[in-house]
Amino acid sequence: MELAAHSVHGLSDRQQPTAHACLIGKKFRPENRSLFLPRISRRLLGETQMKLTVRADVPKADSSNESMNGSFALDYLERMKQGTMCDQLDEHSVLQVAELDVKALISAASEVRDRGPYHHIISFSPKVFIPLTRACRDSCTYCTFALAPTKDQKIYMSVDEVLDIARKGVAVGCTEALFTLGDKPELLYPKAKEELATLGHPSTISYVAEVARIVLEQTGLLPHLNVGVMSRPETALLRRVSVSQGLMLETISRRLLKPGRPHYQCPDKVPAARLATIRAAGIEKVPFTSGLLIGIGESRKERIQSLLELHKLHKEYGHIQELIIQNFCAKKGTPMEHAAEPSLEELQWTIAMARLIFGPSMNIQAPPNLTPRESTNKGDEWIALIQAGINDWGGISPVTKDWVNPEAPWPHLSYLAEITEKAGKVLVPRLAIYPHFVQNSSKWLDSCITSAVLKNSNSLGFARGEAWSPGISTSSDSFKELCYSRKSHFISNSDPINSTSLLSSNEYPSSEAAICVGITGKISITRDSACTEVTAHSRGDISFLLDRAMAGDTLLEEEIVQLFSCMGEEFEQICRAADQLRTTVNGNKGGIHPEFTGETYLNILCCVKSAVPDVHVHAFSPLEVWQGAKTLGLSIYDYLLELRKAGLGSIPGTAAEILDDRIRDVLCPDKLTTQEWLEVMQTAHSIGLKSTSTIMFGHLDSPHHWAKHLLHLRSLQRETGGFTEFVPLPFIHMEAPLFLKGKARRGPTRRECLLMHAIARLVLHPYITNIQASWVKMGPSGAQALLFAGCNDMGGTLMNESITRAAGASHGEELPPLQMEALIRSIGRDPEQRTTLYSAASPEQVKKSFAAGPLQILKYMPTTG
């Protein structure tokens, strides 16, 4: 197949056929006139045997030259596939690659996509579509969205109308508010200008800024703004009220601006103006969406040129978060209603070239409601797009229709998830801003927007997908279903959504619809209490990693990170493997009191041991040990010896938080560095003091930080053998200063909690054999569920524990032995009391524990003077 950038003899530039008709050997016949744009002369319509010729700028080569060019193209394709050409792409070479067989391009593009960080995921954004105004000063010949204002109809939606849509979206779990509107109608229609003045705004963009801010503040939906061509100041204005912005480049072709062409008399479709807006977004550090509209008369060569222009801008600013490759769909009542639509192969070719040019890190989207239908097997077209290199389906709404393509209803998520699984991927919800930009929010988001994004995101930067946070009471079933059940619930919709004109009656006929997005990668749609669910695909490499872990081998950091991103059946595999490993194994916490010294801690020990000589004292975090040694002018080693002589039995591994100094500098700048914490632990172990080990996760961190933390612990345990257990501590966000300042997430998700305990079992095996579930953080039922994910310990009864309650959790303080045993027995396990150092408790101690009286509230009165 020749690159479709040809000219037809006898046709003026204005009359050239659409790109997808331009194939070598394709004959122009009267019955094929729909392949051509309007206004082709009658003389030409009568020439039934006319053939399209090779474009003039590429001389026809002899067979030897063709062989040489083909060899060069294959070599260049291989280099593009390996990522060695991303920074030095040249148009001539890319055009030669583009002439290779489309199957080869698709195969290469799929390989490139699968080198990306989340190659097993195909994402989508649960959204509402807000058409703030449909008036537009442009008149594209393929568009039905733009409407000229009528006498009695308002041009702009009111704030209340917008909020009504947004709140319906929140009720069913949407996270994105997509604002799409006509371009600068006030410059064409006096009525629009008058209406804006009534609303108190000089321009449409000014009104967009106000409405987006209100939606964000009152509903929490994250605005994504498609408002047309903008100046740099306008881009900066909207950055303060949105998480991302967008403008389709559509095409670089200026031919389409000529009379009779799709963009004639459309000032905002001038390629230079659109590129200037995309550049302004880069300068202002705005996460940006752009892309191509294919099949409107552009050639394949012009598509390549368009992609290279976007690549050039992205290379300079790094701000393009996704490319949309959208196929033209002919709409009734438009001048192009009889124009040919691009084929599925043409769409695949364009997606593949976009993937090869932009590499594995770019998010490439193709709207699933617009996919050309060419197969009798429903869903094959979507699989073809995944094979071509996409990793995103775009926004899908259970509340509003696609106002730009109202004839094309959104697909059901259950069915889309099923087809995505057949292609070997898992469907996962995302935000209106992609994970890379979430993880680098300090650069890409206005400070007033960051808080809303973090509240809605998980550790990977995708949508959180649930209302639960650590410290919130829940049933154990809601956790266990993540391990073993085929149902995964997100947010149920208790309030009926009344049918409105915004509901797509074709795809969401019920007045009560709810998206249930499983954070395990299982997707279900609930409608009138009927539920269908889809599970995720399992990759063989996870089984390999589990085999290594089960054998006690050493998992590497990137392999651990890969485990943390697992979903669906892989998630279940990890939990089961951790549980199998579980079956093979049988103090004082807080910050620093400003007036405490090393002598204070020694005195505490003396008082306790004199009162209860036989008690095991488990006390003093590494931070307290460090501070105590410093105030007495002693080394860590010497001070720990003094503490041991005074009766210290072991130390808690708290104050570890995350053993990564970049996180610690923000999370706990007044605590120890990673190396200082490890030094205290290593020294304590060296003199025979055992310790616990902990991690506090779910705030600023990511799986990369968790992997490093686990590897630090594994390395030290190999050396010393001094850790008795590992205790993951989920971040309780409610009263945490960092969260209240808008700088932290709402703790880990349920999936992340289960994975942390399960993967810890795998990574730390066989060095740390006890993995503890913190009922204080997770609640009794949550901790109970963790016993299915590799945990073999429920921790202590913790009389008078108040730290977690003070942080805003609904549980804590005490879980008496009788309740603890009942909780364990209820899942078929046998409880056993232990000592601090994991030997069996004596019968006398067990008897005493059950005879203890009710909890007495302690009132701490600090001494003065």
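One-based numbering along the sequence shown. Quick caveat, the model's predicted, so the values are computed rather than measured.
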Open item on the list: Quick one about Asp661 and Thr674 (side-chain donor to acceptor, distance below 3.5 Å, no hydrogens or angles considered), yes or no?
Closed with: yes
Margin query: The test is ring-ring contact (aromatic ring centres under 6.0 Å, His included); show your working for Phe462 and Tyr118 and say whether it passes.
Written below: CA-CA 11 Å; Phe462 288 94; Tyr118 307 114; 5.1 Å; yes
* **Any Trp468 side-chain heavy atom under 4.5 Å of Cys753 side chain** => yes
* Compare all side-chain heavy atoms of His616 with those of Leu837 and state whether any distance is below 4.5 angstrom. => yes
Per side chain to side chain donor-acceptor pair (under 3.5 Å), Ser691 is matched among His685, His618, Glu725 by His685
d(Ser715 OG, Leu711 CG) to nearest 0.5 Å is 8.5 Å
When you measure from the side chain of Lys609 to the backbone N and O of Val615, does any donor-acceptor pair fall under 3.5 Å? yes
For Met734 and Gly471, the nearest pair of non-hydrogen atoms, with its separation, is CE-C, 4.0 Å
Taking the six-membered ring of Phe726 (Phe, Tyr or Trp), confirm whether the NZ or CZ of Arg761 is under 6.0 Å from its centre and within 45° of its axis. no
Side chain to side chain, Tyr838 and Asp793, heavy atoms closer than 4.5 Å: yes
- Message: Does any part of the side chain of Leu716, heavy atoms only, come nearer than 4.5 Å to the side chain of Glu719, both counted from C-beta?
- Response: yes
Check: Is Lys690 reaching over with its side chain to a backbone N or O of Gly721, donor-acceptor style, under 3.5 angstrom?
Finding: yes
request  = Decide side-chain contact (heavy atoms from CB on, under 4.5 Å) for Asp830 and Ile824; before the verdict, give the C-alpha distance in whole Å, the side-chain angles of both, and the deciding distance to 0.1 Å.
outcome  = CA-CA 7 Å; Asp830 295 323; Ile824 295 170; over 6 Å; no
Q.
Strictly distance-based, threshold 3.5 Å: is any side-chain N or O of Arg745 a donor or acceptor partner for the main-chain N or O of Asp701?
A. yes
inquiry  = Does any part of the side chain of Leu689, heavy atoms only, come nearer than 4.5 Å to the side chain of Arg644, both counted from C-beta?
reply    = yes
*Intermediate values then yes/no, side-chain contact (heavy atoms from CB on, under 4.5 Å), Phe596 and Asn603*: CA-CA 11 Å; Phe596 284 7; Asn603 290 338; over 6 Å; no
query: Does a sphere of radius 6.0 Å around NE2 in His436 hold more than 12 heavy atoms from other residues, nucleotides or ligands, not counting ones at 6.0 Å or beyond?
result: yes
* Would you call Pro831 and Met820 a side-chain contact if the rule is heavy atoms closer than 4.5 Å? -> no
When rounded to the nearest 0.5 Å, the distance separating CG of Leu659 from OG of Ser693 is 9.5 Å
Task: Leu818, CG: over 12 other non-hydrogen atoms inside 6.0 angstrom - done: no
For Thr654 and Trp677, the nearest pair of non-hydrogen atoms, with its separation, is O-NE1, 3.0 Å
Exercise. Should the ring pair Tyr601 and Phe620 be called parallel, tilted or perpendicular, given that the plane angle runs from 0 to 90° and is split at 30 and 60?
Worked result: tilted
ask   = Does Arg430 reach the main-chain N or O of Pro435 with its side chain, forming a donor-acceptor pair under 3.5 Å?
value = no
Interatomic distance, CG@Leu738 vs SG@Cys668, rounded to 0.5 Å, equals 10.0 Å
Tightest non-hydrogen contact, residues Ser650 and Thr836, listed as OG-CG2, 3.7 Å
Worksheet item: Donor-acceptor pair, Glu466 side chain versus Arg751 backbone, under 3.5 Å?
Response: no
Distance col, row Glu832:CD vs Glu821:CD, nearest 0.5 angstrom, shows 10.0 Å
Would you confirm whether Arg746, through its side chain, and Lys455, through its main-chain N or O, come within 3.5 Å as a donor-acceptor pair? yes
- Item | No-hydrogen, no-angle side-chain donor-acceptor test under 3.5 Å, Gln784 and Ser826 | yes
Separation between CG (Asp660) and NE2 (His705), nearest 0.5 Å, reads 4.5 Å
*Could you walk me through whether Thr450 and Lys743 pass the side-chain contact (heavy atoms from CB on, under 4.5 Å) check?*
CA-CA 7 Å; Thr450 303; Lys743 297 181 179 180; over 6 Å; no
Distance col, row Arg464:CZ vs Ser469:OG, nearest 0.5 angstrom, shows 4.0 Å
Donor-acceptor check, side chain of Glu752 to backbone of Ser459, threshold 3.5 angstrom: yes or no? yes
Between Gly795 and Arg834 the two heavy atoms that sit nearest each other are CA-NH2, 4.0 Å
Validation row: Leu713, Met681 side chains within 4.5 angstrom (heavy atoms) | no
Any side-chain heavy atom of Gln682 sitting closer than 4.5 Å to one from Thr720?
yes
Check your understanding: Where do Leu667 and Met696 land on the side-chain contact (heavy atoms from CB on, under 4.5 Å) test, with the steps shown first?
Key -> CA-CA 10 Å; Leu667 182 67; Met696 187 177 76; 4.1 Å; yes
| said: Can a donor-acceptor pair be found, under 3.5 Å and without considering hydrogens, that links the side chain of Asn456 to the backbone of Ala463? | reply: no
Nearest heavy-atom contact between Ser686 and Thr683 is OG-O, 2.6 Å
Of all heavy-atom pairs linking Ile651 and Ala619, the shortest is CG2-O, 3.4 Å
### Message
For Ala841, is there any backbone N or O sitting under 3.5 Å from a side-chain donor or acceptor partner on Gln833?
### Response
no
